[in-house]
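Everything below concerns the one structure shown next.
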Amino acid sequence: MPPAPLPVEVDAALSALQPPPGDAAARRQLLAACRRSVHAAADEWVAAAAARKHGADDRTILTEEWATGPLPVLRLLRCLDAPPIAMTPAGRSLQLFPDPAFADRWLFAGHRADALFGHRPATHRPPPGITLVLGAGNVSSMPVADALHALFVHGQAVLCKLSPLHASLQPILERAFAPLVTQRHLSFRVGDAGLGQALAGDTRIAAVHLTGSHATAAALRAGPHLANKRWTAELGNVTPVIVLPGNWPERELDWQARALAAQLLFNAGCNCVTPRVLLTASSWPQRRAFLDRIQVTLAELPPRRPFYPAAATWFEAAAERPVPADGRLPGLLRTDGSASRDATHLMAERFAPVLLEVPLPGDDVASFLGAATSLANDCLGTLAAQLAVPSTLRATDQPHLERAARALRKGTVAINANPGLSYALMNTPWGAFGGEHAIDDARGSGRGFVHGPRVALLPVDQVILRGPPIPSPLPPQFPWHRRGLDTLRALATFYATGSRLRLLPVLAHGLRP
């Protein structure tokens, strides 16, 4: 069946698009203009995004929207200004974070991210033409960042189809990216899956990048829409968290419990890196105490009003209980799960704040990691995984940890860190394990990387992100940070201007949580 005809205004917008300038000076001017216009529109952007999530006056939700909206986009606009790395270090790794250009050693003390390279060929740019970005509706920076990647890494003009959930953001984004929109390098349109399929089938589209569900990708690929087109996709994940057994210090155990609870409720559980499966050692003496701490913390955090379609249905399926009468979704930990009994949970990404604990055998770190890595790789998705590791890990167990991190077939493996940080940093590639050469199957998270513009054309396999056992300063997006909103607004100004003087408000707010 041929694709449906495009609406007249969409067809006209597509015909008017032209690629961005290729010379370095014009590119720098365009990026600088975008930083100014995005920063000018940032407050309005955040307010609109928070309002659609029922949080116009909620500081926690406003903070989340800064963290997942204009802030990472402003950082990406700076990353795109750095020259790409031309070498192809087969089988090696390259540190991409912390980056001295962003004062990361102060703001993310103790963190580090390395890109690991395989022996595959380098990634090639798409053929000349227009890239169609099909954006998801859960995180407002995602379709914009994907569009900027196509514009400035691949040199493509972009038509960015926003989810209907982002309809209120379209005029704001058009003002935020006026330097690109007015010069007809970028066009925003809002539409459903039908419009997406019609656009994908248009002969003027040379490449398609989708962020969405496996079902959406399957429907798109079932027809002729992607024939002879370069396509990439990020299709979500059932994110596993592996907790290493051992003699955990009480403060570290408490922090990990609080961090997991906060991650579970962040954005109402509607993230592809929301923790979904918690893998513990059944014989770990501190297991029950750890689970109890998670339960207590979840009970202290306010439930969230669902904003994503089908969130209530997904909650009931994952929680195996009805939604509370007030319609709000609490963070929920289900314990003593089973890989066989709960196989559906391991293979279905549900945007709801429900975490399933699955205890596994293993009397020592090595045997537990073997079982946990195997099960984590069987979970749906190849996007991200998380490892929680005590500072008391024995030196003899460190090699087992390193082998496990590399054995996880995930595009980002975060050790004592939230894998969502790797998305927000923008220095680091983000996507399915194996990047452009990812295995294309129903269990994967698509193929290709976005972000990480300095290594975007190199054969990256995955990113290893490491953090300290307890981060300091407290991450500003966490609900216990009383100045988190002020910190992120100040950080946005620093990213927009690049002025070191603008770091002072960031430190003044961020170091006094």
Side-chain angles (χ1 to χ4, degrees), residues 79 85 87-99 111-123 145 149 153 209 211 232-242 271-273 275-277 279 369-370 372-389 398-441 443-467:
C79 291
I85 297 171
M87 63 178 180
T88 54
R92 292 173 49 197
S93 65
L94 183 66
Q95 182 179 329
L96 298 177
F97 169 80
D99 188 330
H111 287 79
R112 171 178 173 152
D114 298 273
L116 274 58
F117 298 87
H119 298 272
R120 303 177 178 88
T123 298
H149 187 89
V153 173
H209 180 76
T211 299
T232 51
E234 194 261 84
L235 305 177
N237 200 56
V238 174
T239 303
V241 180
I242 301 172
N271 291 324
C272 49
V273 291
R276 308 287 179 197
V277 180
L279 303 180
L369 276 175
T373 300
S374 177
L375 183 55
N377 282 335
D378 284 341
C379 291
L380 178 71
T382 53
L383 184 66
Q386 189 171 339
L387 288 138
V389 181
Q398 190 67 36
H400 301 306
L401 170 64
E402 298 302 321
R403 281 194 292 271
R406 284 159 177 75
L408 285 163
R409 296 191 298 273
K410 311 293 179 179
T412 294
V413 175
I415 302 172
N416 284 342
N418 180 350
L421 177 61
S422 186
Y423 166 86
L425 289 175
M426 299 292 168
N427 306 65
T428 48
W430 180 254
F433 176 77
E436 194 79 10
H437 306 279
I439 297 173
D440 185 20
D441 62 27
R443 287 180 176 238
S445 291
R447 69 183 186 191
F449 282 117
V450 290
H451 311 173
R454 299 202 69 198
V455 294
L457 299 179
L458 301 184
V460 177
D461 272 342
Q462 70 177 166
V463 171
I464 305 291
L465 172 66
R466 302 173 192 269

Sorted by chain and number, sequence neighbours left out, side chain to side chain contact (heavy atoms under 4.5 Å, CB included) with Arg403 holds for Pro399, His400
Q. Do the non-hydrogen side-chain atoms of Phe117 and Asp461 ever get within less than 4.5 Å of each other?
A. no
CG (Leu457) and CZ (Phe449) are apart, to the nearest 0.5 Å, by 13.0 Å
Taken to the nearest 0.5 Å, the spacing of His111 NE2 from Leu425 CG works out to 8.5 Å
In terms of heavy-atom contacts, Asp99 and Asn427 come closest through OD2-ND2, 3.1 Å
Smallest heavy-atom separation, Ser422 atom then Val463 atom, equals OG-CG1, 4.0 Å
What one should report as the nearest heavy-atom pair of Val153 and Ala456 is CG1-CB, 3.6 Å
Should Pro429 and Leu458 count as side-chain neighbours, where that means a heavy-atom distance under 4.5 Å? no
Practice problem: Could you please spell out the steps behind the side-chain contact (heavy atoms from CB on, under 4.5 Å) verdict for Thr412 and Thr428? | Solution: CA-CA 9 Å; Thr412 294; Thr428 48; over 6 Å; no
query = Are Arg409 and Gln462 close enough that some pair of their side-chain heavy atoms sits under 4.5 Å apart?
reply = no
Taking every heavy atom of His451 against every heavy atom of Ala145, the minimum-distance pair comes out as NE2-CB, 3.7 Å
Practice item. Would you indicate whether the side-chain heavy atoms of Asn377 and Lys410 approach each other to under 4.5 Å? Key: yes
Validation row: Val413, Leu387 side chains within 4.5 angstrom (heavy atoms): yes
Sorted by chain and residue number, the side chain to side chain contact (heavy atoms under 4.5 Å, CB included) partners of Ala376 (sequence neighbours excluded) come out as Pro240, Ile242, Leu279, Leu408
Taken to the nearest 0.5 Å, the spacing of Asn271 CG from Asn418 CG works out to 8.5 Å
Would you say Ser445's side chain and Gly236's backbone share a donor-acceptor pair under 3.5 angstrom? yes
Indicate yes or no: at least one non-hydrogen side-chain atom of Leu465 is less than 4.5 angstrom from one of Pro419.
-> no
d(Leu369 CG, Glu402 CD) to nearest 0.5 Å is 10.5 Å
Check whether any side-chain heavy atom of Val450 sits under 4.5 Å from a side-chain heavy atom of Glu234, and report yes or no. no
Heavy-atom nearest pair, Leu383 first then Val273, reads CD2-CG1, 4.5 Å
Closest heavy-atom pair, Ala407 versus Thr373, reported as atoms and distance to 0.1 Å, is CB-CG2, 3.9 Å
Separation between CD1 (Ile464) and OG (Ser93), nearest 0.5 Å, reads 9.5 Å
dist Leu116:CG -> Arg92:CZ (nearest 0.5 Å) comes out at 11.5 Å
